[in-house]
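To start, the structure itself, in C-alpha cells.
Computed from heavy atoms alone, side chains included, the values below leave out hydrogens, waters and symmetry copies.
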Amino acid sequence: MAIDCADPDRLARFWAEALGYEVENPSPAPDEPGERWNAVVDPAGTGPRVLFHSVPEGKVVKNRVHLDVRAGGPRGTPIAVRRPLVDAEVTRLLDADATHVRTTEDESDYYAVMLDPEGNEFCIC
C-alpha cells in the first residue's frame, strides 16, 4: 500500500504509532532526485507494509480509500464494550497529532472518523 503525502517522515511516524508498527529502517531510496519516501512495517511481519511517498500536489478531495483502525474488539463486540475502547484510541491519536471529525453511534455500530496530520481520513472502530 502506498500513500501520497507532503512529509513522508511525519506520516510514517504517525502511522507507526497509530498501527503499532515500526518505521522501516533504512527508508527506501528514492527513484528520482527530490523524491522522498518512508515506510512502516508490522513488527510481527503479518500486516501490510505502508509506504509514504512525497508528491508536489496537496490533498484536495475526500479519500477514495481509507484505513480502519480496529480498537473496539472484533466485529460483534457490544457497543457498550467498544465505546470506551474507541474513545481511548481517539484520545491517544489526538495526542499523536490526529484530528477528530465526528463520532457516530447507532443501534449496531460505534466509530470515530479522524484525520491524520495531512488530512487523510481514517476510522477508529
Pairwise side-chain contact, [X] with [Y], heavy-atom cut-off 4.5 Å (strictly under):
{"X": "F122", "Y": "L93", "answer": "yes"}
{"X": "D106", "Y": "Y111", "answer": "no"}
{"X": "L51", "Y": "I3", "answer": "no"}
{"X": "M114", "Y": "L94", "answer": "yes"}
{"X": "L11", "Y": "P117", "answer": "yes"}
{"X": "C123", "Y": "H66", "answer": "yes"}
{"X": "R75", "Y": "R70", "answer": "yes"}
{"X": "V40", "Y": "R49", "answer": "no"}

Closest non-hydrogen atom pair, [X] against [Y]:
{"X": "A12", "Y": "V23", "answer": "O-CG2, 4.0 Å"}
{"X": "A18", "Y": "E89", "answer": "O-OE2, 3.8 Å"}
{"X": "P8", "Y": "W37", "answer": "CB-C, 3.9 Å"}
{"X": "C125", "Y": "V86", "answer": "C-CG2, 3.8 Å"}
{"X": "C5", "Y": "F52", "answer": "SG-CB, 3.9 Å"}
{"X": "A6", "Y": "S54", "answer": "O-CB, 4.1 Å"}

Inset, instruction - Indicate, with yes or no, if V113 and I79 share a hydrophobic cluster defined by side-chain heavy-atom contacts under 4.5 Å among Ile, Leu, Val, Met, Phe, Trp and Tyr. - result: no
Inset, instruction - State yes or no: do Y21 and M1 share one hydrophobic cluster built from I, L, V, M, F, W and Y residues joined by side-chain heavy-atom distances below 4.5 Å, directly or via other members? - result: yes
Legend entry - Atom pair CG/CG of D116 and L67 - distance to nearest 0.5 Å: 9.0 Å
Legend entry - Residues V69, L19; criterion side-chain contact (heavy atoms from CB on, under 4.5 Å); working and verdict: CA-CA 7 Å; V69 176; L19 299 173; 4.1 Å; yes
Legend entry - Heavy-atom donor-acceptor pair, T46 side chain to D42 backbone, under 3.5 Å: no
Legend entry - Pair R36-H53, side-chain contact (heavy atoms from CB on, under 4.5 Å): steps then yes or no: CA-CA 6 Å; R36 294 182 303 135; H53 174 231; over 6 Å; no
Legend entry - Cation-pi, Y110 ring and R82 (6.0 angstrom, 45 degrees): no
Legend entry - Derivation and outcome, salt bridge (Lys or Arg N to Asp or Glu O under 4.0 Å), residues R10 and E118: CA-CA 9 Å; R10 180 180 184 201; E118 288 198 12; 5.8 Å; no
